[in-house]
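Take a look at the structure below.
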Amino acid sequence: MSTPTPRAAWSVPEKPDLGGLESRWGAFWEESGTYQFDRSKNRDEVFSIDTPPPTVSGSLHVGHVFSYTHTDTLARYQRMRGKSVFYPMGWDDNGLPTERRVQNYYGVQCDPQLPYDPNFAVPVPVAERPKEEQKKPPVHISRRNFIELCNVLTAEDEKVFEQLFRTLGLSVDWSMTYATIDDHCRRVAQRAFLRNFARGEAYQAEAPVLWDVDFKCAVAQAELEDREMPGAYHRLPFRLSTTGEPIHIETTRPELLGACVALVAHPDDERYKPHFGKTVVTPLFGVEVEIRAHELADPEKGSGIAMICTFGDLTDVIWWRELQLPTRSVISEDGRMQREVPEWITSDNGIAAWNDLAGKKIKQAQEAIVKLLQDSGELIGDPKAITHPVKFFEKGDRPLEILTSRQWYLRNGGRDQQLRQELSDRGHQLHWHPPHMRVRYDNWVNGLNGDWLVSRQRFFGVSFPVWYRLDAEGNPLYDQPILAEESSLPVDPAVDVPTGFTESDRDVPNGFTGDPDVMDTWATSSLTPQIATGWGEDDDLFSRTFPMDVRPQAHEIIRTWLFSTMVRSHLEHNTIPWRNASISGWVLDPDRKKMSKSKGNVVTPLHLLENYGADAVRYWAASARPGTDTAFDEGQMKIGRRLAIKLLNASRFALNLGGETPVVYNDSEITSALDRAMLHELAQLVEEATIAFDGYDYARALERTEAFFWRYCDQYLELVKARAYLGDDDAGARSARASLQLSLSTLLRLFAPFLPFVTEEIWSWWQEGSIHKAEWPDISQLRQAADDGNPIAYAIADEVVTAARRAKTEAKRSLKWPIAQLTVTDSSERIAALETVLNDVKDASLASSISVAVGDTSVAVVLADDGAV
RNA sequence: GGGCGUUUAGCUCAGUUGGCUAGAGCAUCUCCCUUACAAGGAGAGGGUCGGGGGUUCGAGUCCCUCAACGCCCACCA
């Protein structure tokens, strides 16, 4: 940060323009290290930003440009306030999107069974192959080869992203980047996991999980979404074992009849009260199940009594757990009915029925069982079609099933009231911008219904640093995990060998096996503060940057990214990971739909930057208030571009008044009432902008600055022009020029966070160093220069000149048409103020005579007869 | 079903403890080549502030209620 220092020689271009600013100043900032983090600064002199790592599995869209600009304006403001800004960039190249992209891009398929092939060459991308070869089936490659390909492709994508962000003018320190799949991130993720495990926060459990049958992968609560799907109620009779009396239930999942473990009704339901504790026989399979009572059973729904299956939905899981029912699962991991006849089905009819369903996909199985039930007369009436919400993996295509499997979990308060309360309290320690976003956090924390499932049955991700001993039969001893040592991280248990074993012990009886799963992508993303600040590896950096100042992010991932980051920081550091959360809204298309790739309504940011310039695009982005969804509007970009051009021209005027040799005037030469009045208002503006920025409201700072600036151009510059053109020996001219220099310098710095390119360009005409390292305008300096400046003088001068212009315009005369007589009547206070600036008003309105009087407000204008005076 | 947010000019939006006649830009119309800027400038027209009710001397602003839209959450048999 530095005090503005005018250069000895100025160079104000004859015809300034916006062309090429991005590449010229981008290169300058890179060469001179303008945005380099100064790590000699202590924590209280640092502003550290937990930049969201964009997913590197496609292309950047306007939404990125939008929200990253918001953060950048804050970063630039803090830098000008003298903070050393810690502004790293991460790339999220870990996880399913990358896997999918690599599969399609190179035409490969990961097969974890295959051995690593060190000679495997990077394939020609599918799109670049001859047509006839494009449809070939994917080549199967080992996990390690697959990961290598992921690294190759993401490295290329990251270059493109960086270039775009540079063109946009993000003041990121590009020497500090990380990728969520790189060794550093994997090490952090594994170290954090090991510590969670050591403290008992990470644990394994064999439990029902939501399962995507296409990905063959477990899915966490945070990754769910509901979709409205057609379904149908099927009415089935269960017969009491004693009397054979039928009890009717309704179900949308008849294919799960074989997984039925009980019926359940509300404890107060008079219809079923007499039957609690009795058993009934399932139709078709003839399995005996008990009738139980539970408050969650809703007497209003269906027939008021439900069949509990393991597992049809999450309510089944609750009933199963709380009523301690047996597990009878019938669906296998690939989403088909299991082939073997379940051991609890013993009747001949039941076995025959099962064989009709075995191996069928869920939908086919449903059709088949409906047929069987119809044939046996056990389907009452026709199925009643309904639509109902069904849980899907947000990236999945088929409804989730609930299967039982062994998975890793991380405690997050979902089954622990105290931890939940602690995390809820953490949410209240954080400053939310805008504040109402905290509600979403509260909603989420209070609605958790289980711990965080962190294991995924995928390949491209961070492995669990864990192996298991195998017993004499070759079965893993899950209760005796072998943990990696922290010093050996990162490890890949599929490749690395635990201490005390050799590779020949892998997957043989009495040997070991690696944990096959990878971590949820959020298990890494939740550690971005630790990753960026060098936790556990660079204690010095960590002490200067953590806890961080701000997490900027979008609102729809409060439940995932923000919450999970909070969990990790709370568990590991017993603190909030940042002091502020700055939540950005979405970019909506003109139909007010969220812009997204799948809807095909995405505009590529590059052509916007080329058409309007980075400053103009940033102007549009920064005009949106924090947290507000905003319509995509190229019109706003045009206005931003105009603003940038206006800045060039107004600056040229203010800086060219001294003639050939530049003269730097002193604030003390500002003696004219109009100049002081303007500066008085300018001081007010700086104060407002500062308060707005301190409250993370960049949009307000921009709006105020812009409004001031246009008025400054249209009124002040016109009023001051005649006086400013007088010779340098005129005190009024010197006052005007000093005032112009001070106000221009101030305005440029106020605009610098928003329009970094054009302000840097203008700054370079007459100031040493980068404007982005210049100190934020000093209110007390402005107040001192403004001295007795009276805002009324500025206001009334403005009004009188406007009235004069109106008279000329209405008379269809040019603005340089002279005025013979200008008569202003107003209150004594305003007349007194006007008298202090009367000459400027007279000159600006080209009035040959001006008179004032106290009375009712009016401005009388008599135009001259002749335009040529 | 619960919660949060939004609703102000044709369009995009300001309007911060309630306070003079509700603002800006774009768009529309009129005028002006003026030595910073015609990629400009000066003006004009355009709004019962989503509906209804209330508090108040005074409501775009506070309270109640309804509606539309968006989002988040929910145990969806």
Side-chain angles (χ1 to χ4, degrees), chain A residues 12 15-18 226 228-229 231 233-234 249-253 256 263-265 294-298 301-309 312-319 386-391 434 436-444 446-449 555-556 558-559 585-586 588 590 592-594 620 623-625 627-633 635-636 638-639 641-657 688 691-692 695 697 699-700 703-704 706-707 710 713-714 717-718 721 725 801-802 804-817 846:
Chain A
V12 183
K15 188 88 183 147
D17 76 288
L18 298 175
D226 285 349
E228 278 296 325
M229 297 292 287
Y233 280 126
H234 300 76
I249 64 102
E250 294 193 356
T251 178
T252 56
R253 297 291 306 270
L256 292 179
L263 297 189
V264 66
H294 194 278
E295 305 79 50
L296 281 185
D298 181 356
K301 247 174 216 169
S303 57
I305 187 163
M307 73 169 180
I308 303 173
C309 305
D313 62 32
L314 291 173
T315 321
D316 281 342
V317 178
I318 296 171
W319 283 326
I386 55 157
T387 56
H388 60 158
V390 176
K391 290 210 182 304
H436 65 79
M437 290 294 178
R438 201 193 65 215
V439 176
R440 299 188 182 216
Y441 179 90
D442 286 339
N443 278 347
W444 178 251
N446 294 325
L448 288 167
N449 58 30
H555 51 66
E556 83 277 14
I558 288 172
R559 64 173 180 166
W586 284 343
L588 306 175
R592 307 214 63 91
K593 294 272 160 14
K594 186 192 177 189
W620 159 73
S623 302
R625 310 200 93 71
T628 312
D629 294 346
T630 302
F632 173 74
D633 186 1
Q636 281 297 111
K638 286 182 189 155
I639 297 163
R641 187 172 174 82
R642 273 194 359 162
L643 174 62
I645 293 170
K646 194 76 176 175
L647 269 167
L648 288 175
N649 289 317
S651 302
R652 197 174 91 85
F653 165 72
L655 298 177
N656 261 352
L657 291 165
E688 272 190 89
I691 290 168
D697 192 351
R700 183 176 185 79
E703 191 247 325
R704 288 306 154 110
E706 188 197 9
W710 283 105
C713 289
D714 296 340
L717 294 188
E718 294 303 326
K721 198 177 267 181
Y725 277 133
V801 169
T802 298
R805 286 169 176 165
R806 185 185 302 121
K808 296 178 188 183
T809 300
E810 281 171 358
K812 304 199 172 184
R813 300 297 188 195
S814 149
L815 289 184
K816 70 175 184 186
W817 194 275
L846 295 164

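Convention: sequence-line order gives letters A, B, ...; per-chain numbering from 1.
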Nearest-angstrom distance from the residue atom CG of A:Asn446 to P of B:C72: 18 Å
For atom NZ of A:Lys391 and atom P of B:C76, their distance in whole Å: 8 Å
Span that lies between the C1' atom of B:G46 and that of B:C4, in whole angstrom: 34 Å
Distances under 3.5 Å between protein N/O atoms and the N/O atoms of nucleotides 1-10 of chain B, please, pair by pair.
residue	atom	partner	partner atom	Å
B:C4	O2'	A:His436	ND1	3.4

Sugar-phosphate only, base, or nothing, as touched by A:Gly635 at under 4.0 Å among non-hydrogen atoms: nothing
Nearest to side-chain heavy atoms of A:Asn649, which nucleotide of B:C73, B:C37, B:C71: B:C37
A:Ala811 or A:Gly447, whichever maps to the more 5' nucleotide of RNA chain B: A:Ala811
Sugar-phosphate only, base, or nothing, as touched by A:Leu296 at under 4.0 Å among non-hydrogen atoms: base
Mutual orientation of the aromatic rings belonging to A:Trp586 and A:His555 [parallel < 30°, tilted 30-60°, perpendicular > 60°]: tilted
Sugar-phosphate, base or nothing in reach of A:Ala707, heavy atoms under 4.0 Å: nothing
Pair assignment for B:G70, Watson-Crick or G-U wobble, requiring both distances under 3.5 Å: B:C4
Nearest-angstrom distance, P atom, B:U61 to B:C71: 27 Å
Contact pattern, 5' to 3', of nucleotides 38-46 of chain B - B, S or - by protein heavy atom under 4.0 Å: -BSSBSS--
Gap between atom SG of A:Cys713 and atom CD of A:Glu718 - 0.5 Å precision: 9.0 Å
Nucleotide B:A77, atom P - distance to NE2 of A:His294 in whole Å: 16 Å
For B:U48, the Watson-Crick or wobble partner whose two distances fall under 3.5 Å: none
A:Lys721 charged N/C atom sitting above A:Phe653 aromatic ring, 6.0 Å / 45°: yes
Separation between CZ of A:Arg253 and CG of A:Asp316, rounded to the nearest 0.5 Å: 9.5 Å
Nearest-angstrom distance, C1' atom, B:G3 to B:U8: 25 Å
Atom P, compared across B:C32 and B:A14: separation rounded to whole Å: 37 Å
Phosphate-side-chain proximity, A:Lys301 and B:C76, N/O vs OP1/OP2 below 4.0 Å: yes
Sugar-phosphate only, base, or nothing, as touched by A:Glu703 at under 4.0 Å among non-hydrogen atoms: sugar-phosphate
Candidate nucleotides B:U12, B:A74, B:A77, ranked by approach to the side chain of A:Trp444 - the nearest: B:A74
Sugar-phosphate, base or nothing in reach of A:Ala297, heavy atoms under 4.0 Å: base
Integer-rounded Å distance: B:A14 P and A:Asp633 CG: 13 Å
Spacing of A:Ile249 atom CD1 and A:Thr251 atom OG1 [to the nearest 0.5 Å]: 5.0 Å
Sugar-phosphate, base or nothing in reach of A:Lys721, heavy atoms under 4.0 Å: base
Distance (rounded to the nearest 0.5 Å) between A:Met229 CE and A:Ile386 CD1: 11.5 Å
Distance between C1' atoms of B:G19 and B:G45 (Å, rounded): 28 Å
Whole-Å gap separating P (B:C31) and NZ (A:Lys816): 19 Å
Donor-acceptor under 3.5 Å (A:Lys808 side chain, A:Lys816 main chain): no
Rounded C1' spacing from B:G58 to B:U21 in Å: 15 Å
Identity of whatever pairs with B:U55 - Watson-Crick or G-U, under 3.5 angstrom: none
Interatomic distance, A:Met307 CE vs B:A77 P [rounded to whole Å]: 11 Å
Closest approach of A:Pro16 to A:Asn649 (non-hydrogen atoms, all atoms of both residues): CG-OD1, 4.1 Å
Touch class at under 4.0 angstrom, heavy-atom based, for A:Cys713 against every strand present: base
Touch class at under 4.0 angstrom, heavy-atom based, for A:Arg704 against every strand present: base
Polar side-chain atom of A:His234 near backbone of A:Thr252 as donor-acceptor pair, under 3.5 Å: no
Closest nucleotide among B:G70, B:C32, B:A77 to the A:Asp629 side chain: B:G70
Pairing partner of B:G43 (Watson-Crick or G-U wobble, both distances under 3.5 Å): B:C29
Check: A:Thr809 side chain, A:Arg805 main-chain N or O, donor-acceptor pair, under 3.5 Å: yes
Integer angstrom distance from the P of B:G51 to that of B:A68: 15 Å
Spacing of A:Tyr233 atom OH and A:Glu250 atom CD [to the nearest 0.5 Å]: 7.0 Å
Non-hydrogen atoms of A:Pro434 and A:Gly627 that approach each other most closely: CD-CA, 3.8 Å
Distance between P atoms of B:C62 and B:U6 (Å, rounded): 10 Å
Out of B:A77, B:C72, B:G15, whichever nucleotide has its closest atom nearest the side chain of A:Arg625: B:G15
Inter-residue atom distance A:Lys646.NZ - A:Glu706.CD, 0.5 Å rounding: 12.0 Å
Touch class at under 4.0 angstrom, heavy-atom based, for A:Glu718 against every strand present: base
Atom pair distance, as rounded to whole Å: NE2 in A:His555 and P in B:C72: 8 Å
Opposite nucleotide pairing with B:G60, Watson-Crick or G-U, both atom distances under 3.5 Å: none
Distance, rounded to the nearest Å, where A:Arg813 contributes CZ and B:C33 contributes P: 11 Å
